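Everything on this sheet refers to the single structure shown next.
These values consider heavy atoms only, across backbone and side chains, with no hydrogens, waters or symmetry-generated copies. The model shown is predicted, which means the values in this text are computed figures rather than measured ones. Residue numbers start at 1 and run along the sequence shown.
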Amino acid sequence: MSASPQVNPTADAYRSHSRVFGSFRYVYPVLSRRSGGISLGINLNPDRVCNFHCVYCQVEHATAPVVEFLDLGRLLDELEASLRMAADGSLFAAESYVGIAPELLQLRDIAFSGDGEPTAVRNFETIVDRVLEHKSRAGFPDLPLRLLTNATLLDRPGIGRAVRRLDSAGGEIWAKLDAGTEAAYRRVNRCVIPFATVLYNLLGTARRVPLVIQSLFLRWDGMGPSDSEIGEYGERLAEILDQGGRIRRVQVYTIARQPAEPLAEPLDAARL
């Protein structure tokens with residue numbers, strides 16, 4: 001008789017980043033590798049508005065998006081309810097967390113991350129202010145607030161002010177850089193905004209607040225990034241530092257869940 005395959009509940013939970021949480025529209029908990037525990041996501045883009053169209057995107061596009069102006073009151077109500085659940089432990093009682101190590105079932109951050117680019121929301125600056133206010137009121141003043149962004153809109157004045165307030169409150173900016181050249185950027189991120197604009201925004205922001213750089217590398221049509229491309233990527237990081245930017249850390253990772261594009265595959269561990 002063959003042995004049953006071993007089940008790794010932690011690995012399964014890491015692979016599941018569903019934005020569905022009860023009847024909530026905007027707020028959802030996930031077990032996050034990079035946060036080291038439970039991250040409370042805030043999905044500002046149920047309309048799936050994003051100016052990147054990455055080959056590795058895992059956002060579900062088979063059904064019609066919710067197209068409406070973001071309901072900030074509902075978002076804040078959901079956030080307060082989720083924080084109450086974290087305080088009394090009920091947030092960690094979901095069936096999907098059975099078998100997860102207790103040290104991982106801790107609320108580690110609140111993250112603006114979802115089905116699109118968070119900074120594309122019209123009233124992003126106001127949302128940041130209100131979320132900071134509500135998490136402190138709920139008894140979580142030191143819980144980090146993180147922004148996951150593709151950096152294309154960081155040069156807008158309102159976004160810049162929001163970023164500085166987030167940083168001054170102990171939060172972090174996790175900014176995407178998946179390539180070292182224009183060609184690789186267009187191949188992977190498929191964005192019409194010039195790569196030079198992304199680099200300009202990364203440098204300008206890093207001169208004001210330290211950044212966490214998030215970089216996903218993958219195999220596309222069987223081919224991973226060349227040594228030359230990785231060298232160019234390293235040069236882009238060095239240029240930020242050489243010109244007065246601050247990088248808190250760099251997160252290098254690969255595909256963890258099935259993307260929509262079948263030609264996009266994870267990079268093997270040795271190459272990563």
Side-chain angles (χ1 to χ4, degrees), residues 8 10-19 30-36 39 41 43 45 48-62 111-120 146-152 172-199 201-202 211-240 247-272:
N8 185 337
T10 302
D12 288 344
Y14 278 139
R15 282 191 289 268
S16 176
H17 275 213
S18 173
R19 275 84 165 171
V30 295
L31 182 63
S32 167
R33 279 187 179 87
R34 289 182 287 280
S35 295
S39 177
N43 183 9
N45 306 99
R48 302 178 196 151
V49 169
C50 190
N51 49 20
F52 270 25
H53 303 282
C54 302
V55 298
Y56 58 78
C57 182
Q58 292 147 356
V59 174
E60 191 273 313
H61 290 283
F112 290 116
S113 172
D115 292 333
E117 171 53 35
T119 61
R146 290 172 169 141
L147 165 64
L148 279 64
T149 177
N150 62 24
T152 55
E172 291 183 330
I173 314 305
W174 292 12
K176 177 165 290 299
L177 180 65
D178 292 335
T181 64
E182 179 87 24
Y185 161 75
R186 293 196 179 277
R187 182 174 65 251
V188 174
N189 300 129
R190 298 190 298 196
C191 181
V192 298
I193 296 172
F195 188 44
T197 299
V198 173
L199 296 175
N201 290 349
L202 288 173
L211 294 182
V212 175
I213 300 294
Q214 286 197 311
S215 303
L216 187 146
F217 294 101
L218 76 164
R219 290 191 302 153
W220 177 250
D221 198 14
M223 298 292 293
S226 67
D227 289 347
S228 174
E229 171 60 29
I230 296 301
E232 292 287 347
Y233 162 81
E235 287 297 321
R236 302 296 82 76
L237 294 177
E239 287 164 1
I240 293 173
I247 298 176
R248 195 186 301 270
R249 60 188 178 276
V250 178
Q251 299 173 344
V252 175
Y253 58 109
T254 192
I255 295 171
R257 298 174 299 282
Q258 183 61 47
E261 296 278 2
L263 293 180
E265 299 176 307
L267 202 61
D268 65 271
R271 179 59 169 158
L272 190 62

- Looking at CG of L237 and CG of L199, how far apart are the two atoms once the value is rounded to the nearest 0.5 Å? 10.0 Å

- Is the backbone N or O of T149 less than 3.5 Å from a side-chain atom of E117, with the two atoms forming a donor-acceptor pair by type? no

- Query: Hey, does L267 have a side-chain heavy atom less than 4.5 Å from the side chain of P225?
  - Reply: yes

- Item | Separation between CD1 of I213 and CD1 of I240, rounded to the nearest 0.5 Å | 5.0 Å

- Does the pair E172/R249 count as a salt bridge with the N-to-O cut at 4.0 Å? yes

- Message: Main chain of Q251, side chain of Q214: is a donor-acceptor contact present, judged purely on distance under 3.5 Å?
- Response: no

- Query: Given side chains that start at C-beta, do those of T254 and F217 come closer than 4.5 Å, heavy atoms only?
  - Reply: no

- Look at the side chain of S39 and the backbone N and O of G41, then say whether any donor-acceptor pair between them is shorter than 3.5 Å. no

- Do P118 and L147 have side chains that get closer than 4.5 Å, going by heavy atoms? yes

- Item | Heavy-atom closest contact (P259 atom, Y56 atom, distance) | CB-O, 3.5 Å

- Item | Nearest heavy-atom neighbours spanning A151 and N201 | O-ND2, 2.8 Å

- Message: Do I193 and Y185 make a side-chain contact, defined as non-hydrogen atoms from C-beta onward lying under 4.5 Å apart?
- Response: yes

- Quick one: is the NZ or CZ of R33 closer than 6.0 Å to the six-membered ring centre of Y253, and within 45° of its axis? no

- Task: Indicate the atoms forming the closest heavy-atom contact of T152 with N51, along with that distance.
- Result: OG1-ND2, 3.0 Å

- Distance from R186 atom CZ to T181 atom OG1, nearest 0.5 Å? 11.0 Å

- Note on the structure: One should read off an interatomic distance between D268 CG and R219 CZ, to the nearest 0.5 angstrom, of 7.0 Å

- Query: Out of curiosity, L202 CG to L177 CG, how far, rounded to the nearest 0.5 Å?
  - Reply: 6.0 Å

- Query: Does R48 reach the main-chain N or O of D115 with its side chain, forming a donor-acceptor pair under 3.5 Å?
  - Reply: no

- Under 3.5 Å donor-acceptor, N150 side chain and K176 backbone: no

- Task: Without swapping roles, check the side chain of R187 against the backbone of V55 for a donor-acceptor pair under 3.5 Å.
- Result: no

- Message: Does E261 form a salt bridge (charged side-chain N to carboxylate O under 4.0 Å, His left out) with R190? I'd like the steps, not just the answer.
- Response: CA-CA 13 Å; E261 296 278 2; R190 298 190 298 196; 3.0 Å; yes

- Item | Backbone N/O of L216 and side chain of D178: donor-acceptor pair under 3.5 Å | yes

- Please answer whether the main-chain N or O of V252 pairs with a side-chain N or O of S215 as donor and acceptor at a distance below 3.5 Å. no

- Message: Strictly distance-based, threshold 3.5 Å: is any side-chain N or O of N189 a donor or acceptor partner for the main-chain N or O of F52?
- Response: no

- Measure the CG-CG distance between L263 and D221 for me, rounded to the nearest 0.5 Å. 5.0 Å

- Between the main-chain N or O of R257 and the side-chain N or O of Q58, is there a donor-acceptor pair closer than 3.5 Å? yes

- Item | Nearest heavy-atom neighbours spanning P194 and E182 | CA-OE2, 4.0 Å

